[in-house]
Amino acid sequence: MGLKKEQEQRKLPPKHRDDEKRHDENERFEKLLDKLEDMTTNGRLKDMAYHFTNKKEVIKVNLLAGVARGVGLTIGTAIFIGLLIFILTQMISLPIIGEWVAEFLEMVDQYREQP
């Protein structure tokens with residue numbers, strides 16, 4: 001339903017020029033966003049369908065991920081414990097903490113000597 005001539009004349013001018021151009025640009029932008037959303041959704045669905053239909057692939061990926069986590073955790077723990085022991089050996093010269101660290105290191109040495 002269009003406006004009457006009187007209403008057209010009373011209508012305020014637009015605040016921004018080229019409103020139609022901006023409207024067209026907004027429509028193109030929305031279409032582009034819709035395309036991008038469809039592409040990402042379809043890509044994920046294809047990936048999920050491939051992994052869930054191929055059981056060997058699922059087992060291989062999960063096994064590899066588990067091994068990587070285990071190796072990473074082991075190496076990280078070894079580095080952390082090594083640094084902790086190094087820092088503790090440097091603290092032996094401190095008065096109160098040094099005695100505690102020395103006793104701790106003696107316990108570690110006694111544990112190593114046991115068969």
Side-chain angles (χ1 to χ4, degrees):
M1 206 162 115
L3 297 175
K4 295 180 182 179
K5 289 182 182 179
E6 294 174 14
Q7 292 172 335
E8 271 301 323
Q9 290 174 353
R10 283 188 279 160
K11 191 169 85 170
L12 295 174
K15 292 181 182 177
H16 303 287
R17 294 183 181 174
D18 301 327
D19 277 344
E20 291 177 10
K21 185 178 178 183
R22 288 181 189 207
H23 181 70
D24 292 342
E25 288 177 359
N26 286 340
E27 283 182 6
R28 280 189 281 145
F29 183 69
E30 287 175 6
K31 287 179 185 178
L32 180 64
L33 280 178
D34 289 339
K35 279 184 182 179
L36 287 173
E37 182 182 6
D38 289 341
M39 288 188 322
T40 56
T41 303
N42 290 338
R44 283 190 214 132
L45 291 176
K46 286 179 186 176
D47 188 42
M48 287 174 50
Y50 175 73
H51 283 292
F52 286 116
T53 55
N54 190 352
K55 292 181 183 179
K56 289 181 182 179
E57 183 71 21
V58 173
I59 292 171
K60 183 177 80 172
V61 168
N62 286 334
L63 181 65
L64 184 62
V67 169
R69 285 186 195 109
V71 169
L73 184 66
T74 303
I75 292 172
T77 303
I79 291 172
F80 178 75
I81 290 174
L83 286 173
L84 182 66
I85 289 175
F86 175 75
I87 291 170
L88 289 176
T89 56
Q90 300 300 315
M91 297 176 101
I92 288 179
S93 62
L94 296 175
I96 297 173
I97 299 173
E99 295 171 10
W100 180 80
V101 172
E103 290 176 15
F104 177 72
L105 292 175
E106 285 177 19
M107 287 190 303
V108 170
D109 288 337
Q110 287 176 0
Y111 179 76
R112 286 183 186 168
E113 292 173 1
Q114 291 179 354

Pairs under 3.5 angstrom only: tabulate donor-acceptor contacts from the side chains of residues 55-68 to other protein residues two or more places apart or in another chain.
from	atom 1	to	atom 2	distance (Å)
N62	ND2	V58	O	3.3

The test is side-chain contact (heavy atoms from CB on, under 4.5 Å); show your working for D109 and E106 and say whether it passes. CA-CA 5 Å; D109 288 337; E106 285 177 19; 5.6 Å; no

For residues 26-36, the side chain to side chain donor-acceptor pair (under 3.5 Å) pairs (sequence neighbours left out) are H23-E27

So salt bridge (Lys or Arg N to Asp or Glu O under 4.0 Å) across residues 64-79, not counting sequence neighbours, yields none

Side chain to side chain donor-acceptor pair (under 3.5 Å) filter on Q110, not counting sequence neighbours, yields none

Salt bridge (Lys or Arg N to Asp or Glu O under 4.0 Å) filter on E99, not counting sequence neighbours, yields none

For F29, the hydrophobic cluster (side chain heavy atoms closer than 4.5 Å, chained through members) also holds L33

The side chain to side chain contact (heavy atoms under 4.5 Å, CB included) partners of T74 (sequence neighbours excluded) come to none

Under 3.5 Å, sequence neighbours excluded: what are the donor-acceptor pairs made by side chains of residues 78-88?
none

